Amino acid sequence: MNSPVIGITCSWEIDRAAYLSPRDYTDAVRAAGGRPVLLPHTTLESGEAESVLSRIDGLLLSGGTDLDPATFGEEPRFPLKAIDPVRDGFELALSRTALTTGLPVFGICRGIQVLNLAAGGTVYQDLSGQVPGALRHEQDAPRWHPTHTVSIEKGTKLHAILEEALCRVNSFHHQAVRDAAPGFAVSATASDGVVEAIEATDAPFVLGVQWHPENTYRTLASSRRLFAAFVTAARAGSR
């Protein structure tokens, strides 16, 4: 059985001038049978997104800093955190190209927001100021500890993968999907109505989740199923 190559996007630490990727991403991919490679972000010239994606079998959009509100046509508002415009441009370009080529895509936390924007959806800049009665989505707890429940929509790909209607998740975000992009369905929500997962309705595997399954794959079967389904889809289309 071949090991499909999974490209994982990175964060950038300004003070150290270093690309960073938490090891849980690569460990979760490897545990599912994939071969992880890191994708350091740069400014892409014409055709370079296609070149990057031609070398991988699946794209994992990782978590990280806030999206620049300029990418979705808004002025910055408090409490916007650190932004990385080069990373925004890199990931949006890769996502748009992947959507046109049918490459499997898995978006995690920030990654679900990037995926949704790339496909034409919208994003909340800050839940506390834009969603009345919002839960606390930035937990003060270990990363492996689930702190709230999400409801999984029956009949969705996510429901078929997780094999459950309710799922406990960890949560580290204050931005979130607002309106799902055309061609996407909302496949999970929190009790406050915040979108927790989206999926493309006409693709084998284009899925985003707002939580961090890479931090819980060792302890939660639901997280292992997500990575297994992603790697299986990447293997099916591997070159």
Side-chain angles (χ1 to χ4, degrees), residues 1-11 19 21-41 44 48-64 87 90-119 152 156-163 167 181 183-185 187-188 197-218 220-239:
M1 184 179 295
N2 67 317
S3 297
V5 177
I6 306 299
I8 305 172
T9 59
C10 302
S11 295
Y19 291 108
S21 178
R23 184 169 175 173
D24 278 351
Y25 287 112
T26 55
D27 285 354
V29 167
R30 286 181 62 85
R35 183 153 42 103
V37 297
L38 301 183
L39 303 177
H41 50 275
L44 295 174
E48 287 189 322
E50 291 85 349
S51 177
V52 171
L53 296 181
S54 70
R55 292 164 168 79
I56 62 177
D57 302 307
L59 173 64
L60 195 162
L61 299 167
S62 65
R87 182 182 181 185
F90 179 80
E91 293 186 352
L92 286 167
L94 291 187
S95 298
R96 289 175 180 134
T97 303
L99 289 171
T100 64
T101 60
L103 191 76
V105 182
F106 187 21
I108 292 177
C109 196
R110 166 193 160 95
I112 184 180
Q113 300 158 24
V114 171
L115 178 60
N116 193 54
L117 283 178
I152 314 299
T156 61
K157 295 182 179 74
L158 182 63
H159 187 267
I161 292 167
L162 298 184
E163 301 177 358
C167 181
F184 278 72
S187 45
I198 61 171
E199 59 187 54
T201 57
D202 61 351
F205 195 103
V206 176
L207 173 69
V209 299
Q210 188 58 70
W211 62 93
H212 280 269
E214 80 283 1
N215 297 142
T216 57
Y217 84 94
R218 297 176 183 87
L220 295 180
S222 59
S223 296
R224 292 191 291 275
R225 291 189 188 109
L226 276 170
F227 280 96
F230 175 44
V231 169
T232 296
R235 181 180 292 114
S238 62
R239 289 168 279 276

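The residues of the chain are indexed from 1 along the displayed sequence. In what follows, every heavy atom counts, from backbone to side chain, and hydrogens, waters and symmetry copies are set aside. Bear in mind the structure is a predicted one, so any value in this text is a computation, not a measurement.
- Looking only at side-chain heavy atoms (C-beta outward), Val114 and Thr9 stay at 4.5 Å or farther from each other.
- In this view, Ser11 and Arg87 satisfy the side-chain hydrogen bond (donor to acceptor under 3.5 Å, both in side chains) rule, not counting sequence neighbours.
- In the displayed structure, Arg224 atom CZ is contacted under 6.0 Å by more than 12 heavy atoms of other residues, nucleotides or ligands.
- In plain terms, the two heavy atoms of Cys10 and Pro40 that are nearest each other are SG-N, 4.2 Å.
- Taken from CG in Leu103 to CG in Leu59, the straight-line distance is 6.5 Å, to the nearest 0.5 Å.
- Rounding to the nearest 0.5 Å places CG of Leu220 at 7.0 Å from SG of Cys167.
- In this structure, Phe106 and Leu226 have side chains that are in contact, with non-hydrogen atoms separated by less than 4.5 Å.
- Put simply, the side chain of Pro36 does not reach to within 4.5 Å of the side chain of Leu38, judged on heavy atoms.
- No side-chain heavy atom of Tyr217 sits under 4.5 Å from any side-chain heavy atom of His212.
- Using a 4.0 Å cut-off between charged side-chain N and carboxylate O, Arg218 and Asp24 make a salt bridge.
- Side-chain contact between Asp27 and Phe227 is absent, with no heavy-atom pair separated by less than 4.5 Å.
- A tilted orientation is assigned to the rings of Phe90 and His41, their planes being inclined by 30° to 60°.
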> Should Arg235 and Asp57 be marked as a side chain to side chain contact (heavy atoms under 4.5 Å, CB included) after you check the CA-CA gap, both sets of side-chain angles, and the distance that decides it?
Replying inline: CA-CA 7 Å; Arg235 181 180 292 114; Asp57 302 307; over 6 Å; no
>> Show, in sequence, the C-alpha distance, side-chain angles and deciding distance for Tyr25 and Ile6, and conclude whether the side chain to side chain contact (heavy atoms under 4.5 Å, CB included) test is met.
In response: CA-CA 10 Å; Tyr25 287 112; Ile6 306 299; over 6 Å; no
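- One distance of note links OG of Ser21 with CD1 of Ile8; it measures 5.5 Å at 0.5 Å rounding.
- Partners of Arg225 according to the salt bridge (Lys or Arg N to Asp or Glu O under 4.0 Å) rule, which considers only residues two or more places apart in sequence or in another chain, are Glu163.
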>> Would Leu207 and Leu115 count as a side chain to side chain contact (heavy atoms under 4.5 Å, CB included) here? Give the steps.
In response: CA-CA 8 Å; Leu207 173 69; Leu115 178 60; over 6 Å; no
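- Looking only at distances, a side-chain donor or acceptor of Ser54 sits under 3.5 Å from a matching main-chain atom of Ser51.
- Between Ile161 atom CD1 and Phe205 atom CZ the span is 4.5 Å, to the nearest 0.5 Å.
- For the atom pair CZ (Phe184) and CD1 (Ile112), the distance works out to 9.5 Å, reported to the nearest 0.5 Å.
- Using a 4.5 Å cut-off on side-chain heavy atoms (C-beta onward), Leu44 and Leu94 make contact.
- For the side chain to side chain donor-acceptor pair (under 3.5 Å) condition, the pairs that include at least one residue of residues 102-117, sequence neighbours left out, are Asp88-Arg110, Glu91-Arg110, Gln113-Gln210.
- A donor-acceptor pair is defined here as one N or O able to donate and one able to accept, closer than 3.5 Å; no such pair exists between the side chain of Lys157 and the backbone of Val206.
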